[in-house]
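Notes to accompany the following structure.
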Amino acid sequence: MIVCVAVVGHQNNPLYIQSFTEADDALKLHHIVHCSLDVVDERVNNPKKSGPTLNETFLGMLYPTENYKVYGYLTNTKVKFILVTTDLDVRDADVRNFFRRFHAAYVDAVSNPFHVPGKKITSTIFAERVSNIVKSFGLSSTG
């Protein structure tokens, strides 16, 4: 089950963070997202030979915690997508598909002529699309 998704700008400024749990966990999830940015920067600035290539946007699992797994995705414009899930046996193909759909929703949201680049995403349509993508991820991972 996806518990949090985030969009972080190229200067590590939060553009969109949505948690799908109780309010008590929201602060903890924001902290997990913030900590994952260090892992993203480390992977981008110091790529391993066996790791993903520089043109690979899917960063894979960034790190596991006791209760969560954190996945990352980096766009060509250095915008980072973070996914926090409670599922311990998530397939990479499902996560890649989630990020592909999430990226398409993000592109549609920032293509709005009234959106100011670098500012928080406040579109309710984007929030609804993200919610639908999260719900469909939960259904596809159980089947």
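Both backbone and side-chain heavy atoms feed into the values below; hydrogens, waters and symmetry mates do not.
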State, to 0.1 Å, how close [X] and [Y] come at their nearest heavy-atom pair, and which atoms those are.
| X | Y | result |
| --- | --- | --- |
| I2 | T85 | N-OG1, 4.1 Å |
| M61 | P64 | CE-CD, 4.1 Å |
| N12 | K80 | OD1-NZ, 3.0 Å |
| I121 | A109 | CG2-CB, 4.2 Å |

Close side-chain approach of [X] to [Y], heavy-atom, < 4.5 Å:
| X | Y | value |
| --- | --- | --- |
| S131 | Q18 | no |
| F98 | V90 | no |
| Y16 | V130 | yes |
| I32 | C4 | no |
| L83 | V70 | no |
| L62 | R43 | yes |
| I82 | Y73 | no |
| L59 | V40 | yes |

Self-check item: Verdict with supporting geometry, R101 and N97, side chain to side chain contact (heavy atoms under 4.5 Å, CB included)
Solution: CA-CA 6 Å; R101 294 176 64 201; N97 186 35; 3.9 Å; yes
Quiz prompt | Derivation and outcome, side chain to side chain contact (heavy atoms under 4.5 Å, CB included), residues F20 and D25 | solution = CA-CA 9 Å; F20 299 97; D25 291 341; over 6 Å; no
Quiz prompt | side chain to side chain donor-acceptor pair (under 3.5 Å) partners for T86, two or more places apart | solution =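 Once residues adjacent in sequence are excluded, T86 has no partner under the side chain to side chain donor-acceptor pair (under 3.5 Å) criterion.
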Exercise. If a pair satisfies side-chain hydrogen bond (donor to acceptor under 3.5 Å, both in side chains) and one of its residues is in residues 104-122, list it, with sequence neighbours excluded.
Key: D108-R129
Determine yes or no for a side-chain-to-main-chain donor-acceptor pair under 3.5 angstrom, with [X] supplying the side chain and [Y] the backbone.
| X | Y | answer |
| --- | --- | --- |
| R96 | F58 | no |
| N45 | D41 | yes |
| S19 | T21 | no |

Practice problem: On the 0 to 90° scale, with breaks at 30° and 60°, tag the F102-F81 ring pair as parallel, tilted or perpendicular. | Solution: perpendicular
Practice problem: Give a yes or no on whether I17 and F126 share a hydrophobic cluster (residues Ile, Leu, Val, Met, Phe, Trp, Tyr; joining criterion: side-chain heavy atoms under 4.5 Å apart). | Solution: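 In one cluster with I17: F126, no.
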Quiz item: Would V44 end up clustered with V33 when hydrophobic side chains under 4.5 Å apart are linked, directly or stepwise?
Solution: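 They do share one cluster, since a chain of ILVMFWY contacts under 4.5 Å joins V44 to V33.
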Quiz item: Cut-off 3.5 Å, side chains only: do T75 and T77 have a donor facing an acceptor?
Solution: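 There is such a pair (donor and acceptor under 3.5 Å, judged by atom type) between the side chains of T75 and T77.
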At what distance, to the nearest 0.5 angstrom, does [atom1] of [X] lie from [atom2] of [Y]?
| X | Y | atom1 | atom2 | value |
| --- | --- | --- | --- | --- |
| H34 | H31 | NE2 | NE2 | 8.0 Å |
| H103 | I133 | NE2 | CD1 | 11.5 Å |
| M1 | F137 | CE | CZ | 11.5 Å |

